[in-house]
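Beneath this line is the structure, given in structure tokens, with notes to follow.
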Amino acid sequence: MSITTDQLQNVIGQASGSQPCKLVIFGAGGDLTRRLLLPSLYDLAVADALPADFQVIAVDRPEQTGTEWAARLFGLAEQDARDPSAEFSCPHLDRDVWDKVTAQALYLPGDFTRPDIFAALATTLGNSNVIFYMAVASRFFAQIASGLGQAGLLKEDGCFRRIVVEKPFGHDLTSARELDEQLRTQAQESQIYRIDHFLGKEANQGIMIARFSNVLFEPIWRREYIDHVQITASETIGVEQRGAFYERTGALRDMVPNHLFVLLSLIAMEPPASLAAEAVRQEKTRLLQAIRPITPDDYVSGQYADGVLNGTKVPGYRNEPGVASDSQTETYASMRLFIDNWRWGGVPFYLRTGKRLSGRRTEISIVFKKPPYALFNQDMNDPRIGNVIRFLLDPVRGVSINFDAKQPGLEEAIAPVRSTFLYDDFFKKEPNVGYEALLHDCMAGNQMLFQSAETIEASWAAIDQIVDPAKSPCLYPAGSQGPDEADALLARDGRRWLPVT
Ligand code: BG6
């Protein structure tokens with residue numbers, strides 16, 4: 001991860017400007033805190049972008065002191081820092097910088113399902129600006145908000161009080177609305193920061209800049225020129241130790257209404273009137289509200305069976321820990337959808353996500369229509385012919401453009417070529433954890449990178465109706481590109497998925 005001050009300031013814009021604040025982390029001993037929150041705070045400290053008088057107040061069940069908590073997390077960070085596959089891979093972890101994050105840390109042992117922890121927080125916090133970060137299972141969100149509200153901790157009397165809610169925000173439209181109502185009985189919308197970490201990723205943020213800061217793209221970003229759009233979030237990992245959670249959730253709910261729809265809205269929204277949070281969030285919501293109801297025929301679910309990945313045999317989903325031997329939970333979801341507005345009328349968007357696929361890739365491909373006639377006698381059915389703009393989002397980050405060039409030689413022969421811009425080559429930047437901009441913006445009170453309640457409702461509304469409980473997920477071997485039925489979804493339209501490489 002190692003990131004320099006200049007680099008991070010490029011990512012997050014002006015680093016200064018945040019008022020002093022404290023960060024209360026519920027779930028301070030958990031995985032999210034270790035893997036993402038503290039490393040991101042470390043990066044902010046490297047960039048000198050932490051607010052003045054910054055203090056972490058860690059809340060979790062085990063009895064320990066702040067020093068013990070911080071020392072344990074430093075030990076884990078040292079392990080992660082040496083592991084190139086960890087989000088926080090940082091060859092030169094600097095103890096002095098780490099201390100800036102945790103030296104003042106206070107640890108409150110306790111159970112956030114009981115009121116005494118909130119009373120203790122009230123005594124500790126006084127009249128400070130505070131961000132309450134819920135790094136806990138989603139079933140505790142409403143309970144924590146209610147504890148905070150009842151203890152008067154969400155009153156903004158000359159200070160700010162913000163709550164950060166992780167995903168999943170509900171498991172369908174009804175539960176998302178219920179959670180929202182519960183939060184809003186305690187806090188104003190302006191105090192609620194709903195995180196989707198796909199909004200914090202640098203390359204994803206780059207989509208809006210590519211679209212709305214270049215005259216090159218926007219005029220052709222419409223149905224007259226675009227044949228279809230593909231959005232892919234393909235993973236090689238299985239469900240790992242999350243079998244119990246995944247059994248209740250499945251790929252569709254875990255990835256589509258949040259992460260894939262974040263990408264969909266960034267790639268397809270109208271230009272916002274300004275970068276004010278409300279202007280941007282409204283355009284995203286409008287886009288998602290324009291999704292035509294998706295029919296079960298336009299949806300394919302899959303589940304990985306035994307297979308081979310990178311030369312190693314891996315078990316099927318039903319043999320993973322915490323998973324039922326006859327599970328019907330999907331680990332793959334793909335769909336075709338349409339956006340009923342003037343820009344996109346009739347253009348299919350194909351979305352897919354899955355675990356244990358052949359490659360790890362998040363990307364969006366804009367596939368353009370073929371030229372109106374074959375001046376060069378090119379075979380218009382050759383899938384290599386034609387223009388594709390690919391937004392490479394993770395782990396490779398950049399933009400590539402496919403176009404046709406002249407094959408050198410005496411004949412007028414055509415060769416499909418690709419030109420690629422890669423962030424890491426151009427900016428010589430190591431990736432960061434992805435939460436830095438989110439934490440920074442929350443400290444600065446900017447909700448642009450956070451989901452509004454309306455966006456979340458529109459997302460759930462779009463996917464709630466598509467599941468046909470009578471249909472079982474189609475099996476696909478681990479290490480493959482997904483079920484054949486997903487290929488058929490495009491083949492019936494005369495199209496094909498671009499390969500995941
Ligand atoms: C999480 C999902 O929200 O996103 C996981 O719960 C998924 O199942 C992860 O693996 C993907 O995020 P990333 O950043 O690893 O692509």
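When a ligand or atom number is given, it counts from 1 through the structure's own listing order. Basis for what follows: all heavy atoms, side chains included, without hydrogens, waters or symmetry-related copies.
Shown in contact with Lys355 at under 4.0 Å from a heavy atom are these atoms of ligand 1, numbered in order with element: 5 (C), 7 (C), 8 (O), 10 (O).
The N/O atoms of Lys167, backbone and side chain alike, include one that comes under 3.5 Å of an N/O atom in ligand 1.
In this structure, a donor-acceptor pair under 3.5 Å is present between the side chains of Thr232 and Arg352.
The only member of Tyr193, Phe198, Phe169 that meets ring-ring contact (aromatic ring centres under 6.0 Å, His included) when paired with Phe450 is Tyr193.
Atom 11 (C) of ligand 1 has as its closest protein heavy atom Glu235 OE1, 3.7 Å. Looking only at protein heavy atoms, the nearest one to atom 6 (O) of ligand 1 is Asp254 OD1, 2.6 Å. Protein heavy atom closest to atom 4 (O) of ligand 1, with residue, atom name and distance, is His259 NE2, 3.3 Å. Closest to atom 14 (O) of ligand 1, if we only count protein heavy atoms, is Lys201 NZ, 2.6 Å. Closest to atom 12 (O) of ligand 1, if we only count protein heavy atoms, is His197 NE2, 3.2 Å.
Side-chain atoms of Met443 and Ile131, non-hydrogen and from C-beta on, do get closer than 4.5 Å to each other. Between Met134 and Glu166 the shortest side-chain heavy-atom distance does not fall below 4.5 Å.
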Ring pair (Phe, Tyr, Trp, His ring centres under 6.0 Å) between Tyr476 and Tyr332, intermediate numbers included: CA-CA 9 Å; Tyr476 61 95; Tyr332 177 98; 5.6 Å; yes
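By the criterion of a heavy-atom distance under 4.0 Å, the side chain of Arg360, and not its backbone, is placed next to ligand 1.
Using a 4.0 Å cut-off between charged nitrogen and carboxylate oxygen, Glu270 and Arg286 do not count as a salt-bridge pair.
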